[in-house]
Chemist: 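Let me begin by handing over the structure; questions about it come next.
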Amino acid sequence: MSQQKRPWEAEEDVLLKELVLQYTSNGDSKADAFRMAAKKLKRSEAACQTRWNAKLKEADQLNLEHVIQFLKTMTPIFLLEENNKLKAEQEGLKVKHHALAKKWENAALHMKEELALYEGVLKVINETK
């Protein structure tokens, strides 16, 4: 198959990026992704790898400046609201925990009473023999 050199189109970049991300997120190698992209784009594997490394790889990496900008949008009010929600959820879980602990305690007490009753019955049976 003869591949010709031609400029990369935006649609090809999108497809290449999608394939590489899909393959790597599934645990496959980038080489497999480049192989599949080469078939779909009718380009060589080397061309796909070069395009990824030269143009698309940088766009895929986490940019510290973007992270900082995102964190700046996180208002203290939002964080306080989230913290309050988590505290309320924690209190609810504590209440459920105490209720379950009490239920288990009552069940254990009931079992001890039942055991004492059966031991008494067994003692009477043994005495009658």
Chemist: Specify the closest pair of heavy atoms between E12 and P7, including all atoms of both residues, with the distance to one decimal.
Modeler: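 Here E12 and P7 meet closest at OE1-O, 3.8 Å.
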
Chemist: Of all the heavy-atom pairs spanning S44 and A38, show the shortest one and how long it is.
Modeler: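 Nearest pair, atom of S44 first, then A38: C-CB, 3.7 Å.
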
Chemist: Might you point out which heavy atoms bring L16 and W52 nearest each other, and give the distance in Å?
Modeler: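 Shortest heavy-atom contact: CD2-N, 4.0 Å.
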
Chemist: With the side chain counted from C-beta on, respond yes when M36 and Y23 share a heavy-atom pair under 4.5 Å apart, and no when they do not.
Modeler: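 Yes. Closest side-chain heavy atoms under 4.5 Å.
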
Chemist: Classify the side-chain pair T50/N53 by whether it contains a donor and acceptor separated by less than 3.5 Å.
Modeler: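 Per modelled atom types, T50 and N53 side chains form no pair under 3.5 Å.
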
Chemist: What's the separation between atom CG in L19 and atom NZ in K30, rounded to the nearest 0.5 Å?
Modeler: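 It comes to 13.5 Å.
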
Chemist: Within this structure, what is the CD-CG distance for the pair E91 and L86, rounded to the nearest 0.5 Å?
Modeler: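 Between E91 CD and L86 CG, I get 12.0 Å after rounding to 0.5 Å.
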
Chemist: Answer whether the closest heavy-atom distance between the side chains of R43 and R6 falls below 4.5 Å.
Modeler: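 The answer is yes; the side chains approach within 4.5 Å.
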
Chemist: Under the salt bridge (charged side-chain N to carboxylate O under 4.0 Å, His left out) criterion, do R51 and D13 qualify, and how do the steps go?
Modeler: CA-CA 8 Å; R51 183 65 175 183; D13 284 343; 2.8 Å; yes

Chemist: Distance check, rounded to the nearest 0.5 Å: L117 atom CG versus L122 atom CG?
Modeler: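 Spacing of CG (L117) from CG (L122) equals 11.5 Å.
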
Chemist: Name the atoms and distances for all side-chain donor-acceptor pairs under 3.5 Å in residues 93-107, with sequence neighbours left out.
Modeler:
residue, atom, partner, partner atom, Å
N106, ND2, K102, O, 3.4

Chemist: Are side-chain heavy atoms of E81 and N84 found at a separation under 4.5 Å?
Modeler: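 Counting from C-beta outward, E81 and N84 never come under 4.5 Å.
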
Chemist: Compare every heavy atom of I125 with every heavy atom of T128, then report the nearest pair and how far apart it is.
Modeler: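 Minimum heavy-atom separation between T128 and I125: OG1-O, 2.7 Å.
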
Chemist: Is V14 reachable from F34 through a run of hydrophobic residues whose side-chain heavy atoms are each under 4.5 Å from the next?
Modeler: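 In one cluster with F34: V14, no.
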
Chemist: If you take all heavy atoms of A33 and V20, which pair is closest and at what distance?
Modeler: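 Of all heavy-atom pairs spanning A33 and V20, the closest is CB-CA, 3.7 Å.
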
Chemist: Is N26 reaching over with its side chain to a backbone N or O of Q22, donor-acceptor style, under 3.5 angstrom?
Modeler: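 Yes, because the side chain of N26 sits within donor-acceptor range (under 3.5 Å) of the backbone of Q22.
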
Chemist: According to salt bridge (Lys or Arg N to Asp or Glu O under 4.0 Å), does anything in residues 113-123 pair up with another residue at least two apart or in another chain? List the pairs.
Modeler: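 Output for this query is empty, none listed.
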
